[in-house]
Amino acid sequence: MNNRPIGVFDSGSGGLSTVRALSRLLPREEVLYLGDTARMPYGGRTPEEIALFSREITDFLLRKDCKAVIAACGTISSNYPGLSSLPVPAFNVIDASAKAAAGATKNGKIGLAATDATIKSGAFARAIERESGKPVSAVACSLLAGLIESGADFNNPRLLDSISCYTDPFLRAGVDTVVLGCTHYPLIAPTFRQLLGEGVTLIDSGAEAAKAAAAYLTEHDLLRGAPRERDHFYFTANPAETARRARLFLAGRDIRPETELLPLGELTGGSV
Ligand code: DGL
């Protein structure tokens, strides 16, 4: 038994798709969420920057006594090798999604939609190829995470036009499974579905990470003994607006009372 919180982090609000899945699987658990909205998007950054920012965030989560951490971000999972050497159990979005995709495909043709930095790193595509034994169609959806963070959602008709250039290569390749390899994308899963057709299975990478973490914590007797008191949501910029929009990611849940600004200096030790 362990009553400490589970740390979940992302460059912005995409990782809330992991929180949503985690809260359904483990409703008694407390989550400490950090979205680095001041420095988002990470997808256009260098591997060195992503690793440095991620280290700052995991140091913060460890200072907050998290019993486990989930990198609820494809970009971080692909560019932060330090995740696997933390002193607490740590989960990325890659391993479980790669397994889920390999299990879901019938024709062996899998697509990966993710940020530039994820696609450039190659780690996510390699993991899927290892699991499935087949080459992956990987598409960098360069502007998508930023668009979603700044308010585009699946009700927006213009989104359909702006993302068809990302889904066309999947249609040409004949994939039957697409990994939404950025945790922002599940928010617009209906748009992906509309463009790809009902026959294509979408893998929600954030939810897959939550399932893997839940299974591990359950198996290792690391769950809370007491019911959840409250979660904590920290954002490094625009906490009020981000918490308001978080309802979209969290099936209507209002996290405003549990949300705070985390000044960037608290992550960087003063140098911003
Ligand atoms: N949710 C992040 C991911 O999964 C978005 C990355 C970004 O900030 O560009 O990759």
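Both ligands and their constituent atoms are indexed starting at 1 by order of listing.
Regarding atom 10 (O) of ligand 1, its nearest protein heavy-atom neighbour is Thr75 OG1, 2.5 Å. Protein heavy atom at the shortest distance from atom 4 (O) of ligand 1 is Gly74 N, 2.7 Å. Among protein heavy atoms, the minimum distance from atom 7 (C) of ligand 1 is reached at Tyr42 N, 3.2 Å.
Close N/O approach between Asp10 and ligand 1 is found [any backbone or side-chain N/O within under 3.5 Å]. Not one N or O of Ala72 is nearer than 3.5 Å to an N or O of ligand 1, by distance alone.
Heavy atoms of Cys182 found under 4.0 angstrom from ligand 1 belong to the backbone as well as the side chain. Of the heavy atoms in Thr115, only side-chain atoms (C-beta onward) come closer than 4.0 Å to ligand 1.
Interface atoms of ligand 1 facing Gly43, defined by a heavy-atom separation under 4.0 Å, are 7 (C), 8 (O), 9 (O).
The local environment of CD in Glu229 is sparse, with at most 12 non-hydrogen atoms from other residues, nucleotides or ligands closer than 6.0 Å.
Side-chain atoms of Arg4 and Cys66, non-hydrogen and from C-beta on, never get closer than 4.5 Å to each other.
Contacts of Glu129 classified as side-chain hydrogen bond (donor to acceptor under 3.5 Å, both in side chains), with partners at least two apart in sequence or in another chain: none.
Met40 and Ile76 are assigned to two separate hydrophobic clusters, defined by single-linkage of ILVMFWY side chains at heavy-atom distances under 4.5 Å.
Taking the ring axis of Phe53 as reference, the NZ or CZ atom of Arg45 does not stay both within 45° of it and closer than 6.0 Å to the ring centre.
Between Arg130 and Asp95 no salt bridge is recorded (no basic side-chain N to carboxylate O distance below 4.0 Å).
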